[in-house]
Visitor: 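This is the structure, below, for whatever I ask next.
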Amino acid sequence: MHQQRSEARLSPSSDTEDMADGAEMSRVLAPRLAYFAGVARTEHVTRAAQEMQVPQSTLSRAMVRLEQDLGVDLFARHGRTVSLTPAGRTFLASVERALGEIERAADEVRADADAATGKVAFGFLHTMGAETVPGLIHAFRVDHPRVRFSLVQNYGEAMLERLRAGELDLCLTSPVPDAPDLVARRLDEQKLRLVVPADHRLAARRRVRLAEAADETFVTLEPGYGLRRITDDLCKEAGFRPRIAFEGEEAETLRGLVAAGLGVALLPPPAVARPGVVELTVTAPRAAREIGVAWLDGHPDTPPVAAFKKFLLSRRGNLLPN
């Protein structure tokens with residue numbers, strides 16, 4: 001039988017068929033593995049059945065079927081007692097590792113869902129990392145001191161993809177997404193400023209119309225970032241298409257490049273004032289971005305995720321630091 005199985009595996013077949021055969025074998029074997037480990041541990045079918053609280057006949061049939069499916073004798077039978085064959089001992093070592101992994105996985109997901117000590121997978125924009133998110137987590141942990149966070153800092157579209165993949169529970173993003181598979185709630189609004197070098201021709205001003213920067217070169221975030229899309233839309237509304245000198249991934253890098261004279265930028269307020277730049281209020285068009293929280297529609301929340309979601313929604317209009 002072993003030879004026949006080897007020949008079957010080596011016979012011409014597609015990788016897809018091989019994987020399907022493996023998946024089918026796993027599906028067939030999986031329900032019987034715990035039964036096998038119990039019988040192997042006690043070396044007595046009746047005693048194992050009592051410990052696992054299953055009928056002895058059910059357990060006996062499961063062991064026979066397991067051996068038939070494998071095509072290998074796992075037990076040597078001696079009346080009411082059994083002992084493992086060499087093949088059975090080899091199989092038991094792998095089964096115990098597999099069952100141990102399942103038990104650890106079960107412990108982990110139960111721990112992550114615990115109301116007091118569970119985990120929240122939370123994503124946020126790069127520009128939210130310096131003050132906003134640390135402040136939110138600090139405030140939340142006043143009432144939930146032992147809840148753990150798995151944090152991801154990225155641009156909006158990347159976080160939404162991770163949300164859809166089940167890697168995130170919630171994310172703070174901008175613009176607020178409008179997609180049928182997501183639920184999104186607007187939480188706050190953040191004004192954007194035109195950032196210019198300290199020696200720039202507009203640096204003595206406090207306010208500016210964006211059209212006055214039509215001839216400037218801009219430093220911006222890369223395409224795909226929400227702030228880049230907003231920048232392009234605002235410039236279009238102001239009647240021009242920005243000339244791009246640099247596309248980056250992080251707002252404070254852009255501020256540094258503005259200070260170096262590489263161009264101007266539309267950015268949210270900094271956490272800490274940066275020397276070498278002046279930040280101007282844009283009077284027209286209205287320059288602001290909405291910040292919202294999003295989650296996967298129909299995705300059930302664990303207690304810690306539900307608590308943090310409720311907390312975020314309670315901060316509507318008061319999400320950002322003053």
Side-chain angles (χ1 to χ4, degrees), residues 124-136 153-157 159 172-176 186-293 315-322:
F124 56 94
L125 299 168
H126 289 94
T127 50
M128 303 278 102
E131 284 190 312
T132 301
V133 169
L136 289 172
Q153 190 175 26
N154 214 324
Y155 66 97
E157 287 300 322
M159 285 193 299
L172 283 183
T173 188
S174 177
V176 180
R186 181 186 182 277
L187 296 180
D188 215 334
E189 182 181 87
Q190 188 175 49
K191 292 183 178 179
L192 303 178
R193 299 170 177 176
L194 183 68
V195 185
V196 302
D199 58 356
H200 192 270
R201 62 182 177 84
L202 297 173
R205 303 267 296 276
R206 296 184 61 185
R207 295 177 175 81
V208 65
R209 291 177 295 107
L210 189 56
E212 296 179 73
D215 295 331
E216 302 290 336
T217 57
F218 279 70
V219 293
T220 73
L221 297 178
E222 294 177 350
Y225 283 68
L227 187 56
R228 169 61 182 272
R229 191 192 322 166
I230 294 170
T231 296
D232 291 344
D233 290 346
L234 289 172
C235 289
K236 182 178 180 180
E237 190 176 346
F240 69 96
R241 183 177 180 178
R243 292 184 294 117
I244 307 299
F246 175 79
E247 296 174 330
E249 299 180 351
E250 205 274 322
E252 288 311 302
T253 298
L254 301 185
R255 267 195 178 81
L257 295 175
V258 171
L262 190 62
V264 302
L266 275 171
L267 295 173
V272 179
R274 186 182 188 110
V277 300
V278 174
E279 311 218 357
L280 308 175
T281 299
V282 179
T283 58
R286 187 172 181 274
R289 66 172 181 171
E290 290 185 334
I291 307 294
V293 60
R315 301 293 290 250
R316 187 181 285 113
N318 191 33
L319 180 78
L320 303 172
N322 295 326

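Just so it is clear, the model here is predicted, and its values are computed rather than measured.
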Visitor: Just by distance, do the side chain of R209 and the backbone of T283 share a donor-acceptor pair under 3.5 Å?
Guide: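 The answer is no, because no donor-acceptor pair under 3.5 Å joins these two groups.
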Visitor: Rounded at 0.5 Å granularity, tell me how far CE in M128 sits from CG in L136.
Guide: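 Taking CE in M128 and CG in L136, the distance rounds to 9.5 Å.
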Visitor: Which pair of non-hydrogen atoms, one from T127 and one from P268, has the smallest distance, and what is that distance?
Guide: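 Smallest heavy-atom distance, with atoms named: CG2-CG, 4.0 Å.
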Visitor: For A238 and A211, which heavy atoms make the closest approach, and how far apart are they?
Guide: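 The pair with the smallest heavy-atom distance is O-CB, 3.8 Å.
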Visitor: Between L187 and L172, is a side-chain contact (heavy atoms from CB on, under 4.5 Å) present by the stated rule, with each step listed?
Guide: CA-CA 9 Å; L187 296 180; L172 283 183; 3.7 Å; yes
Visitor: For Y155, what residues pass the ring-ring contact (aromatic ring centres under 6.0 Å, His included) criterion, not counting sequence neighbours?
Guide: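 Scan of Y155 (ring-ring contact (aromatic ring centres under 6.0 Å, His included), adjacent residues dropped) gives Y225.
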Visitor: Heavy-atom distance under 4.5 Å between the side chains of L192 and L234, does that happen here?
Guide: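 With C-beta onward as the side chain, the pair touches.
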Visitor: Is the CZ atom of R205 crowded by more than 12 outside heavy atoms at less than 6.0 Å?
Guide: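 Yes, the 6.0 Å shell around CZ holds more than 12 heavy atoms from other groups.
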Visitor: With no hydrogens and no angle check, is any side-chain donor or acceptor of R207 less than 3.5 Å from a backbone partner on T281?
Guide: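 The answer is no, because no donor-acceptor pair under 3.5 Å joins these two groups.
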Visitor: Side chain of S174, backbone of E290: donor and acceptor closer than 3.5 Å?
Guide: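 Judged by distance alone, yes, a pair lies under 3.5 Å.
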Visitor: Pick one: which of T217, V258, T220, V219 meets side-chain contact (heavy atoms from CB on, under 4.5 Å) with F246?
Guide: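 The passing option is V219.
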Visitor: Roughly how far, to the nearest 0.5 Å, is the CG atom of L254 from the CZ atom of R274?
Guide: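 It is 10.0 Å, given to the nearest 0.5 Å.
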Visitor: Measure across E249 and L221 and return the closest heavy-atom pair with its distance rounded to 0.1 Å.
Guide: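 Answer, listing the atom of E249 first, then L221: C-CD2, 3.7 Å.
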Visitor: Can you tell whether the side chains of R228 and D232 come within less than 4.0 Å, N to carboxylate O?
Guide: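 Answer for the salt bridge query: yes.
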Visitor: Just by distance, do the side chain of T132 and the backbone of L319 share a donor-acceptor pair under 3.5 Å?
Guide: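 Checked: no pair found.
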Visitor: Between Q153 and H126, is there a donor-acceptor pair closer than 3.5 Å when you use the side chain of the first and the backbone of the second?
Guide: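 Yes, the answer is positive, given that a donor and an acceptor are paired below the 3.5 Å cut-off.
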Visitor: For the pair R201 and E212, find out whether any cationic side-chain nitrogen is under 4.0 Å from an anionic carboxylate oxygen.
Guide: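 Judged by the 4.0 Å cut-off on N to carboxylate O distance, R201 and E212 do not form a salt bridge.
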Visitor: Given side-chain contact (heavy atoms from CB on, under 4.5 Å), test L194 with L210 step by step and report yes or no.
Guide: CA-CA 8 Å; L194 183 68; L210 189 56; 4.3 Å; yes
